[in-house]
Amino acid sequence: MSVDLLYEIGVEEIPADAVLPALQQLETNLQQGLTDLGLPPSAISTYGTPRRLAIIAQDIPECQPDSVDEHKGPPAEQAFDEDGNPTQAARGFAQARGALVSQLEVRDTEKGRFVFAEVHRPGQPAAEVLPDLLRQVTLELSFPKTMRWADLDIEFARPIRWLVALLGEEILDLEIAGLRASRTSRGHRVMGEKRVEIPSPSLYLERLSENGVIADHHQRQEMIVKQAQQLAAEVDGRPRTDADILTEVNFLVEYPTCVRGSFDPRYLDLPPEILVTVLQGHQRAFPVEDADGELMPKFIAVTNARPEAAHVVSQGWERVIVPRLDDAKFYYQHDTRQPLGQRREELKRVTFLKGMGNLYQKTVRLEQLADWLHQAVVSEDKQLRSVLSRSAQLCKCDLVTMMVGDLKLAELQGVIGGYYARASGEPEAVAQAIAEHYQPRSPQDPIPASPAGQLISMADKIDNLAACFRLNLIPTGSADPHGLRRQAAGIVEIIIQTGYSLSLSALIDYALQLLPAPAEDEVPSNEQTAVALKEFFAARLAAAWEQRGVSYDIARAVLAIPWDDITDATRRATCLADLKGKDPEAFVDLVTAAERPARITRPESLPDSLQVDTSLFEHPTETLMSTEFEAVRQDVEAALDQSQPDYARATEYLRSLLPTIHQYFEDVMVMVENERLRNNRLALMAQIDTVFSRIADFLQIVPPNS
Amino acid sequence: MSGVYGQLVFQQLIRTLDNYWSAQGCHLSYPYEIEMGAGTMAPDTFLRSLGPEPWQVAYLQPSRRPTDGRYGENPYRLQRYFQYQVLIKPSPADIQETYLGSLEALAIKPEDHDIRFVEDDWEAPTLGAAGVGWEVWLDGMEITQFTYFQQVGGLPCQPVSVELTYGPERLAMYLQNVDDYRDLMWSDDIRYGQLRFQEEKQFSQYNFDTADVPMLQQLFEMYEREATAIINSGLPLPAYDYVLKCSHTFNLLDSRGAVSVTERHGIILRIRNLARQVAELYLAQREELGFPLLDT
């Protein structure tokens, strides 16, 4: 017989972004816990609103199966005396395991003869073992931030206020946070009864729905999208439902009622990014656009109100949104009275980082860094050079405007600068570079589209990284207040996507060299900082590759040999990942060919000057190996020593050595007594290893299926 | 809408909240007479939230934020405005419902509106205080800060107090359907602007333009020394007055643009350090007294 389980944790409103992760943990941990208890469900579903985390596990056996636990005890000679009578050790073991001494068995094992006890455990009814599991699963939920309430010791995202725990129609005997589980849930605050009785798990969604709660978040999201589309269609528009905002508002309501509001069309003069930020960022409302994708003076808010209250509610929302648009309009007019370039002087009053001077000085460094990057990665281009110089000078000027000074609009830094640059008559390329220079702001955000935007972005980020690392503000654990991981990842993305080729060490050294010397003596030296930064980049690079399907061992192998050019290292990593994906056998051949010479030579400390002396060859396979390798070496060098190294061809050549390497190790004994002979053979192997190591350290690779 | 709600004048709104929370078992306190930035800083909240003694209080507290002044000309921004403050320890299980009841008392029927609890954790670095909770939205407008205290004066809150901070001007503007604080009816006869516009204008001038910076800097040092001296003589309550004076003097210096970014952090740490010492001393003395309110 099987039965369904319903568990609902009723809470005060949990932060919207915490609900889905909590549901995922509930599902994983309950599934695991039920399986471990011998009570596997046929299916699990989770449901979440701001006020409840719920899970239904279907078709759980009503009783655990009987089981036999096998326990290994002391060695037989300790458990029984010479006469075969049980000793104290045997009695103690039996007692500890709940077995009778007469039930102990002696069995042969690889390590000798031992005593074993088999304990038969009758299965417990599910209703008896589930409360402990539910309590454990609840208390083990982790949230980004937890709190305590009243005089209780437990921590949760927000106070727990009720628990529903039903196995079929029966209430489970469960208590958490001073609350006893029951069948009484709660309805929507204004659309349902305060007490909602749930007869059985299968009626959970229905009873709640009768009481104004759409517990199924997928269903709720569909309702939001449908209502928003309908409201927008009534004014010939369509909602811009940003995916993140949609998820967020979905977990701010138990029953979605979308309302449409309007604002004065004169606010449409504002840059669209500002309108969108005010609507989406402040108020979590959807902007509405017309058929051409232009914003309309409308918005759609997702509320938790009764549909009958929509009119009053939408008026209220308009009253909140209009003053915010008004602020933005005021800022825009105020800020654009002064040309952006004139604000650069004001940057002298703004500290960049304590001990790292002011923002004006930062823009001077940005100009130098951008020029350095320009020379490193593009052929001389006078026009680009002057765009870079002007963009570097102006890109931080929007930080001293009223618009960006408003905390709720601060995220538009850069974008605002772009608009203000245009309004000040700066060239379009400068405006674009300023607007783009914080990109990519997140892993989803595209890199700057213009070359000037790309180089200013890299200059800004390397300057931030160098300054923070110089001050020893290095991210640890999950804490990264200056967003340094994201910024290093941004540089990596720009380089990978553009294929820019440059020396990362030289860039780091130059960025460090431009910084003022920190006042404190406690901070690491430039040299230590450069090493730490390079390692930091290596981790970001490996992560970027992983996103592109490069496995971790390949990333490690590629980064284990000296590297300094992100583009070149990326070519090597993708070449190996491609080979592994498309032709796994060839990949294994390549790794195997590399491994044998590496393994035999690396533990030996060979003098650098060691040369291969062909006159010392004794076996024909030595000559064969040597000639074949010489030919391959020349081919590999030809493939690699060009401006665009062809790693695919190089690996092909190297792989072709495998049969001969196999034969060599069969025919030739490398580690012979005679030192001259031994060193000569090791020298040949070391040369082979050196050539393989132009691609990666293949010893770091975990061969597939081996 | 004004026809339905327009009758609730500002003073009536305060009185309604007083009546409501007094009926819920809170004792009504009065504004603390030293300038402060928020109702949380009054001893009725800052000190009383410490330790195991139960506490239920409601009061109006004028709040001074010199940098928020706009010479009286901004429809929403004031350098001195009110906070209606409720503090209950330990936090009751039905506090959200009780809070919603207070809105009903103000004739805001939850079924006619969109009322939501939107995540907003709170932190007051100068007080070493932090809490978890929400801002309460009424049709998209923030009307109350709702916080479970987790730490005050650097000490963990055990048991936890819940704090409700209403913005009465915002609520009244909503209820009276006006878009400028000056138009708010304070009583049936007089408007908020008629009472307070000159004050906003003059204090903004003083806060931003004329306050004597070297004098304020001296005062800050003196208040800080005095606070330390009073702490050393074992008197946390008077010492706390001087912590509040330090805090307000710092805010004035800030509005005069006399605090650099680098100095700011250091000054906040100095005030927090005083607040922590006061909190520790206060708690130790309550313990010596045997936590007298435990029996109430």
Side-chain angles (χ1 to χ4, degrees), chain A residues 12-18 50-51 145-153 155 157-162 177-179 189-191 194 252-253 257 259 261 282-285 301-306 308-323 326-327 349-351 354-355, chain B residues 1 4 52 54 74-77 88-97 100 109-121 130-134 136-142 146-151 156-162 170 173-174 177-180 257 260-262 264-265:
Chain A
E12 295 184 359
E13 280 77 351
I14 295 193
D17 59 2
R51 295 178 73 208
K145 187 168 186 178
T146 59
M147 61 168 286
R148 293 174 292 110
W149 64 97
D151 50 2
L152 301 166
D153 280 332
E155 301 213 1
R158 287 292 184 277
I160 302 177
R161 292 306 181 201
W162 77 88
L179 295 163
R189 279 195 204 279
V190 294
M191 293 172 66
K194 179 156 183 200
L252 286 174
V253 299
T257 297
V259 301
H282 300 182
Q283 294 301 133
R284 309 285 183 268
V302 183
T303 81
N304 197 39
R306 292 186 309 142
E308 295 81 358
H311 182 63
V312 173
V313 170
S314 92
Q315 281 184 345
W317 277 74
E318 286 172 2
R319 288 183 59 188
V320 181
I321 280 172
V322 169
D326 214 44
D327 278 348
R349 292 196 290 113
V350 185
T351 308
K354 195 185 169 190
Chain B
M1 217 165 55
V4 181
N74 184 295
Y76 311 98
R77 293 255 212 175
I88 302 178
K89 177 174 63 173
S91 62
D94 56 354
I95 184 63
Q96 282 187 312
E97 286 73 23
L100 291 172
K109 288 190 187 152
E111 58 266 35
D112 292 336
H113 295 278
D114 177 33
I115 297 174
R116 256 175 305 154
F117 296 84
V118 180
E119 173 193 14
D120 189 29
D121 298 339
V132 170
W134 311 273
V136 182
W137 283 15
L138 170 64
D139 299 338
M141 179 177 66
E142 184 195 342
F146 194 131
T147 308
Y148 289 96
F149 281 2
Q150 303 292 300
Q151 179 186 305
C157 295
Q158 191 70 274
V160 168
S161 305
V162 62
R170 290 245 194 140
M173 285 166 75
Y174 187 91
N177 196 21
V178 299
D179 292 323
D180 192 316
S260 74
V261 181
T262 37
R264 168 181 303 275
H265 186 60

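Naming: A, B, ... by sequence-line order, numbering from 1 per chain.
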Interface moiety of T146(A) toward chain B, non-hydrogen atoms closer than 4.5 Å: backbone
R158(A) NZ/CZ over W134(B) ring centroid, <6.0 Å and within 45° of normal: yes
Short side-chain donor-acceptor distance under 3.5 Å, Q96(B) and R161(A): no
Contact class of I321(A) relative to chain B, heavy atoms under 4.5 angstrom: neither
R148(A), part contacting chain B, at a heavy-atom distance under 4.5 Å: both
Part of P50(A) within contact of chain B (heavy atom distance under 4.5 Å): neither
Closest-packed option against chain A by number of heavy-atom pairs under 4.5 Å, given A93(B), P110(B), P92(B), P159(B): A93(B)
Part of A18(A) lying under 4.5 Å from any heavy atom of chain B: neither
Shortest non-hydrogen contact between V160(B) and F149(B), atoms and distance: CG1-O, 3.2 Å
Partners meeting side-chain contact (heavy atoms from CB on, under 4.5 Å) with A16(A) (sequence neighbours left out): E248(A), F251(A), L252(A)
Contact leader toward chain A among N74(B), D179(B), V118(B), V132(B), where contacts are heavy-atom pairs under 4.5 Å: V132(B)
Structural part of P159(A) lying under 4.5 Å from a heavy atom of chain B: side chain
Rounded distance (nearest 0.5 Å) linking atom CD1 of I95(B) with atom CD1 of I88(B): 4.0 Å
Among V162(B), I115(B), L138(B), D121(B), residue most engaged with chain A (heavy-atom pairs, under 4.5 Å): D121(B)
Heavy-atom pair count under 4.5 Å with chain B, highest-scoring of V313(A), D151(A), V322(A): V313(A)
Value rounded to 0.5 Å, distance of CZ in R116(B) from CD in E142(B): 13.5 Å
Result of checking T303(A), V259(A), V302(A), V190(A) against D114(B) for side-chain contact (heavy atoms from CB on, under 4.5 Å): T303(A)
Heavy-atom pair with the smallest gap, counting every atom of D112(B) and A309(A): O-CB, 3.4 Å
Heavy-atom pairs under 4.5 Å with chain A, option from P90(B), P75(B), S161(B), G133(B) with the top count: G133(B)
Interface residue of largest heavy-atom contact number with chain B, from E308(A), Q283(A), R189(A), under 4.5 Å: R189(A)
Toward chain B, the part of A150(A) with a non-hydrogen atom under 4.5 Å: both
Sequence-distant partners of W149(A), ring-ring contact (aromatic ring centres under 6.0 Å, His included), two or more places apart: none
